Amino acid sequence: MKIAIGCDHGGIILKQAVTEELKKRGIQVEDKGCFDTSSVDYPDYALAVAEDVSSGRCDKGILMCGTGIGISIAANKVKGIRCAVCHDVFTATMCSAHNNANILAMGGRVITPELAEKMVAAWLDTPFEGGRHTSRVNKITAIEEKYFK
Ligand code: RB5
């Protein structure tokens, strides 16, 4: 499995912890930056990760900014992306089980690096449940088909 990761200056501490968790699991990491605490614009990193996932170059993605909000909003503008901003192990689990989220977003000013590692583990270890959730996710795709040109 290959996972694309990206963050702005508000998410850089989480990115370090998340990278360690992924490498511990033997997952190939495609790091799209940023690489220091200089102020940058989160949409640039959201786009880089979302394009890797949407094109199939990476299987999934993880994005981090101060709150996880801006970077998730930007990622969800790319066709095929279901990016979920999560705050705990429960939401990280459910976004995979029910929403088949292909990008997990988190906030470096909201959660600790230790919690981020646990959330990444829960998200990766939880399969999409399918069943009744498939038709709901398909309806999200139908909205994309209607409005994305
Ligand atoms: C950057 O200061 C901050 O706005 C950004 O990291 C993020 O929280 C935006 O949603």
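Positions are given from 1 along the sequence. In this text, all values refer to a predicted model and were calculated from it rather than measured experimentally. Order of appearance sets the numbers: ligands from 1, and atoms from 1 within every ligand.
For the pair K118 and W123, the NZ or CZ position fails the cation-pi test of under 6.0 Å to the six-membered ring centre and within 45 degrees of the ring normal.
No hydrogens or angles considered: nothing links the side chains of T141 and N138 as a donor-acceptor pair under 3.5 Å.
Heavy-atom neighbours of K77 NZ from other residues, nucleotides or ligands within 6.0 Å: at or below the threshold of 12. The neighbour count for F35 CZ, taken as heavy atoms of other residues, nucleotides or ligands under 6.0 Å away, is above 12.
Here the heavy atom of the protein found nearest to atom 5 (C) of ligand 1 is D8 OD2, 3.2 Å. Summary of contacts: the protein heavy atom closest to atom 1 (C) of ligand 1 is H9 NE2, 3.6 Å. Remark: minimum distance from atom 3 (C) of ligand 1 to any protein heavy atom is reached at R109 NH1, 3.8 Å. In terms of protein heavy atoms, atom 7 (C) of ligand 1 is closest to C65 SG, 3.4 Å. Among protein heavy atoms, atom 9 (C) of ligand 1 sits closest to Y42 CE2, 3.5 Å.
Contacts between T67 and ligand 1 below 4.0 angstrom, taking non-hydrogen atoms only, involve backbone and side chain alike.
Short contacts between ligand 1 and G70, defined as distances under 4.0 Å to a heavy atom of the residue, involve ligand atoms 9 (C), 10 (O).
Salt bridge annotation for K146-E144: absent, with no cationic side-chain nitrogen under 4.0 angstrom from a carboxylate oxygen.
Residues E30 and C58 approach most closely at CB-SG, 3.8 Å, considering heavy atoms.
Close N/O approach between G66 and ligand 1 is found [any backbone or side-chain N/O within under 3.5 Å].
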